[in-house]
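Working notes, beginning with the structure itself.
Letters A, B, ... are given to chains in the order of the sequence lines, protein chains preceding strands, and every chain is numbered from 1. Note that the structure is a prediction, hence the values are computed from the model and not measured.
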Amino acid sequence: MSIKAFDLVPAIERIKLMSDKAKTQIECFDVCGKNLYIGTNDCFVIHYNVEERPVGNGPKVVFHNEKQGHKYLAVKKPVIQIKAASALNRIMVLIDNTLSLLNMFDLEICVALKKKQIQVYTVTEDKLVHVKDVHISEPAISVGVDGSFVCAALLSQYCMINYETSHTQDLFPFDSEHSKPLIKRISKEEFLLSGPSALGMFVTSDGISQRPPLQWSENIVSMTYVHPYIVAMNDEFITVHSILDQQQKQAIPFQGGTYLGNFDGKLFVASGREIYALVPVAWEKQVQALLGDKRVTEALDLAKNANKAGLTRDKFLKIFKRFQQQAAFIEFSEGHLEEAMDLFKNSQVDVREVISLYPRLLPSNCNFTRSVPPLHEMADVNQLSRGKEDLLKEYKQFLCTYLADIKGTGTGYKQVRNRYSVVKTICRDRLPELIPLIAVDTGCDLKDSVEWLEKYKRYNALGLLYKVHGEHDKALALWVKICNSEVEDESFEGINFIIEYLANLNDHELVWKYVDWVLSKDQENGVRIFTDRPTTEPPSERMRPDTVIDYLHRFPIAVITYLEYLVFQKKLEVEKEKYHTHLAVLYLDAVLKLIKTNNVKKEEMDKARSKLRYILQMSNLYRVQLILGKAKETEMHAECAILYGKLEEHDKALRILVHKLKDFGAAENYCLVNSHGKDSSFRKRLFHILLSVLQSLPENWSVSLVSQFLNRAIRKSMNNSRTTRIERMMSRGENLQVKQNIIEIQKEFVTMNDDRMCAVCSRAFNDTAFVRYPNGVVTHVHCAKNKHICPVTGKLFSTKRS
Amino acid sequence: MATPEIKKKADLKVIILGEYSVGKTCFVNRYIEGKFGKTEATIGAAFFLKQWGPYNVAVWDTAGDERFSGLSSFYCRNAGAAILAFDLCIENTFETLKSRFVPLVDQATEDNCLKVIVGTKLDLLEPSKRKVTVDEARKYSREINPNIEYAKLKHDPYFETSSLQGINVDEVFEYIFGHCLPLSDVERIKMKNKTRGTVDLGESTAMTPEKKGGCC
Ligand SMILES: Nc1nc2c(ncn2[C@@H]2O[C@H](COP(=O)(O)OP(=O)(O)O)[C@@H](O)[C@H]2O)c(=O)[nH]1
Ligand SMILES: [Mg+2]
């Protein structure tokens with residue numbers, strides 16, 4: 001499939017020479033700005049000035065040329081190659097194995113020579129500096145260069161040479177005697193070569209290919225690359241291939257072409273005696289042409305890869321989006337709905353453009369006219385479906401999905417008044433998909449929609465609609481009705497939805513209106529209305545903890561949950577004592593209640609008591625005496641022990657633990673817990689109190705009787721303590737040993753010689769002293785500002801001493 | 001024509017080689033597009049990108065014609081796996097694998113390149129006309145992979161396939177990827193959820209009897 005990518009425009013018709021000998025032929029040329037240099041078969045270099053001028057206002061151009069001068073190089077051999085080095089004001093000319101430098105403007109000569117192996121030179125204004133030789137197996141016929149890589153055509157094959165490492169890699173065989181080897185660098189580390197069987201082969205400097213080859217015609221004599229096209233030429237044609245899909249896009253008849261090249265984006269072609277320019281057709285035009293042929297993928301690929309020179313990103317995106325929109329309508333008209341959907345979404349097309357394809361859908365008060373120039377030529381979907389009901393239905397479904405997907409965000413969407421009626425007309429039987437649409441869209445006419453949703457018994461959707469319109473009371477009332485099974489709608493999530501809704505509703509008066517109903521249905525979850533409020537909500541009188549607690553009295557479970565929330569989660573600063581005490585009392589009441597009941601399961605009791613003990617132990621804010629009074633009455637010893645601890649009455653606490661509960665482990669633990677974070681003398685004191693258990697030994701036991709036990713106990717403790725110390729010291733020794741090993745392993749030489757420079761100031765070392773950081777960075781002593789921070793990488797080294 | 005994203009660097013290169021007209025292009029098309037269609041003679045080489053979990057796989061289809069031989073070895077370079085295809089009905093195509101393509105792969109790739117022998121056009125093979133026995137092909141497939149750890153493979157690198165009926169085509173690629181680009185469980189699940197539903201179960205379950213015992 002073809003496309004017009006270039007126009008052929010004459011640039012120099014008939015070269016003007018000194019002697020107008022008919023035999024003179026163009027061999028090669030180079031362009032540099034407005035300067036065009038031609039090398040001829042009879043050893044002339046001719047300098048022209050060529051200028052591009054627009055014709056009228058259109059995209060057409062013509063070229064004006066003026067001869068500036070010429071030079072006869074007096075060896076009577078053809079000029080093989082010519083290259084302008086504008087930075088040096090020189091042109092390089094290759095004739096008969098000799099490379100000459102000419103001054104660009106007066107064509108002066110300097111001389112250098114070329115040998116059989118590959119030689120690399122740097123060129124300066126007046127000399128060639130020899131850099132390197134690389135030996136190759138056969139003489140090279142043609143080369144291309146990218147960085148340190150030279151891609152060379154030898155007699156029988158191509159190869160890739162890295163002249164810095166002298167590494168040579170064979171690419172593939174090629175018979176240079178029968179076809180002309182061509183090498184073109186097309187991008188960083190990538191070349192295009194003329195391969196066997198007229199293939200255009202892509203090769204990277206790694207010696208592999210990342211794109212499939214192009215199929216050219218036979219006998220290509222010259223080729224070049226101008227993104228995204230490869231332009232090649234043989235005796236009869238100039239052909240254009242796209243590098244994107246490797247397909248041929250255009251063929252221009254052109255007889256006797258000898259050379260073509262891309263000179264900073266300008267393409268020139270030479271036949272024997274004439275030079276033409278290949279003027280690129282604007283990419284927008286090419287894309288448009290492709291779209292005209294419904295070649296959507298190709299068009300968008302080309303647009304994406306187009307040369308965006310002179311376009312800001314925004315501008316390009318604007319153009320690109322319009323192409324995408326056109327493409328979307330093409331896919332739509334072809335019935336490729338999936339593709340159309342993606343393109344409509346990506347291109348952010350004005351939603352009304354799409355809706356307007358559906359007859360009588362756009363409300364009459366929505367004065368919308370399709371974009372000019374038009375994005376498509378369709379009348380409407382009726383025309384597209386040509387009476388096929390199935391297809392029409394598919395198109396309608398499409399709109400429904402599309403509108404639901406974009407969720408009211410599309411361009412132009414807001415301008416569609418009463419778009420709800422638009423949607424409902426078309427989507428009568430696709431309601432579930434619409435619910436998310438309704439839930440976010442304020443553009444639906446309320447009255448109309450209410451009637452309609454009621455008619456179809458979509459109560460949940462109706463609730464969402466009310467919500468969007470800020471009619472919270474109506475919405476809640478409706479949902480309550482659904483929950484009470486007064487009306488039915490399966491899509492409603494249930495009471496938890498209402499709870500969440502209320503928890504996020506900032507109209508607190510309205511919240512209170514529904515709290516009663518919610519809590520009497522489900523106090524456990526209902527309390528979330530108060531505990532799950534948004535953190536950003538400003539405090540209000542109606543939501544004060546006191547008010548809430550007062551209210552919650554009727555709901556014992558809820559009140560505990562709420563207090564737990566205040567105490568453990570919210571950690572209020574004010575009035576904390578009240579809530580802590582309140583919660584502790586409630587826990588205590590719960591335990592007391594269980595004690596009074598018969599046949600309580602042990603787990604239930606344990607759970608209740610451990611909750612109580614947890615708050616008693618954890619909190620320091622409740623009124624200890626109050627709780628203690630109640631706890632003592634019921635002989636809750638464990639709790640009493642904690643409470644005495646809070647009152648710092650440790651002997652009482654310990655006495656309970658030891659004598660009443662006989663839980664010595666708990667007693668020891670008590671000493672540890674209560675001395676936590678205090679100094680060791682305090683801990684000793686506690687244990688001393690605990691030691692008073694000795695008093696519980698019967699009076700009549702003699703000292704000698706217990707001394708044996710005490711001796712043994714003490715010895716054991718001592719032994720424990722000493723063993724631990726020994727272990728500790730041995731570990732430390734081991735640690736040192738390992739550290740030493742690590743140092744042994746990591747230590748390395750630092751060679752200091754004349755080449756060694758300070759990593760900070762890059763000057764030589766004159767002194768014997770220097771600094772080496774653990775990461776190997778070596779600096780002057782005075783350049784090492786901080787021995788813990790590497791001055792080069794900023795790495796932080798351990799400041800610990802071993 | 002599909003335009004592969006060229007700039008993405010492939011994590012694995014798979015190349016398919018074999019005599020002209022043994023069905024290489026059909027084989028690759030069946031895998032990439034999920035259907036069997038008319039093909040034109042491949043010129044030089046063709047190229048496809050395929051996503052495998054988080055990896056990009058480049059699949060290169062080559063021309064079997066002898067005049068492209070030099071190119072085939074160039075396109076082989078850096079391949080992590082090679083599919084060596086022969087026509088089950090034409091003995092000669094198996095011999096060419098031995099004489100031409102296997103040496104070519106050996107010379108152009110690293111030692112650890114996985115070489116999978118694939119017999120094509122199973123649907124055309126009448127059992128009585130079989131020239132290359134399963135045992136012979138299997139034995140050969142093992143011989144040419146001296147550096148492959150067999151413990152990691154389910155069976156010998158030999159398959160008998162039909163692109164027309166969709167038999168054993170995906171399996172060849174999955175066998176290769178399973179060896180060269182093993183996926184973690186998470187990646188595997190992610191990929192399962194993504195695969196499009198074009199696999200025709202009715203076709204691919206039609207296993208051949210020879211294939212069933214395909215284990216070494
Ligand atoms: N019956 C049958 N024919 C096949 C099969 N695979 C390929 N072919 C045919 O074999 C011929 C060559 O196929 P192609 O893929 O172009 O071969 P290539 O040169 O190796 O790429 C075509 O006519 C295909 O239709 C197959 O599995 N079964
Ligand atoms: Mg093929």
Given a strict heavy-atom distance threshold of 4.5 Å, which part of A/Leu199 is in contact with chain B: side chain, backbone, both, or neither?
-> side chain

More than 12 non-hydrogen atoms from neighbouring residues, nucleotides or ligands closer than 6.0 Å to CG on A/Asp390, yes or no?
-> no

Toward chain B, the part of A/Phe202 with a non-hydrogen atom under 4.5 Å | backbone

Minimal heavy-atom distance between B/Phe74 and A/Gly207, with the atoms involved, is CE1-O, 3.3 Å

What distance do A/Leu214 atom CG and B/Ile43 atom CD1 have between them, rounded to the nearest 0.5 Å?
-> 11.0 Å

State whether the number of non-hydrogen atoms from other residues, nucleotides or ligands found under 6.0 Å of B/Glu110 atom CD is greater than 12.
-> no

For A/Leu171 and B/Arg77, run side chain to side chain contact (heavy atoms under 4.5 Å, CB included): C-alpha distance rounded to whole Å, both residues' side-chain angles, the deciding distance at 0.1 Å, then the answer.
-> CA-CA 10 Å; A/Leu171 295 175; B/Arg77 196 164 289 156; 3.9 Å; yes

Counting heavy atoms not belonging to B/Phe36, are there more than 12 under 6.0 Å from its CZ?
-> yes

Where do A/Ser209 and B/Phe47 land on the side chain to side chain contact (heavy atoms under 4.5 Å, CB included) test, with the steps shown first?
-> CA-CA 10 Å; A/Ser209 191; B/Phe47 170 89; over 6 Å; no

Considering all heavy atoms, the nearest A/Pro213-B/Ala45 contact | CD-O, 3.2 Å

In residues 218-226 of chain A, what donor-acceptor pairs under 3.5 Å come from side-chain atoms, sequence neighbours left out?
{"unit_1": "A/Ser222", "atom_1": "OG", "unit_2": "A/Leu260", "atom_2": "N", "d": "2.9"}
{"unit_1": "A/Ser222", "atom_1": "OG", "unit_2": "A/Leu260", "atom_2": "O", "d": "3.1"}
{"unit_1": "A/Thr224", "atom_1": "OG1", "unit_2": "A/Asn262", "atom_2": "N", "d": "3.3"}
{"unit_1": "A/Tyr225", "atom_1": "OH", "unit_2": "A/His227", "atom_2": "ND1", "d": "2.7"}

Do other residues, nucleotides or ligands put more than 12 heavy atoms under 6.0 Å from the NZ atom of B/Lys98?
-> yes

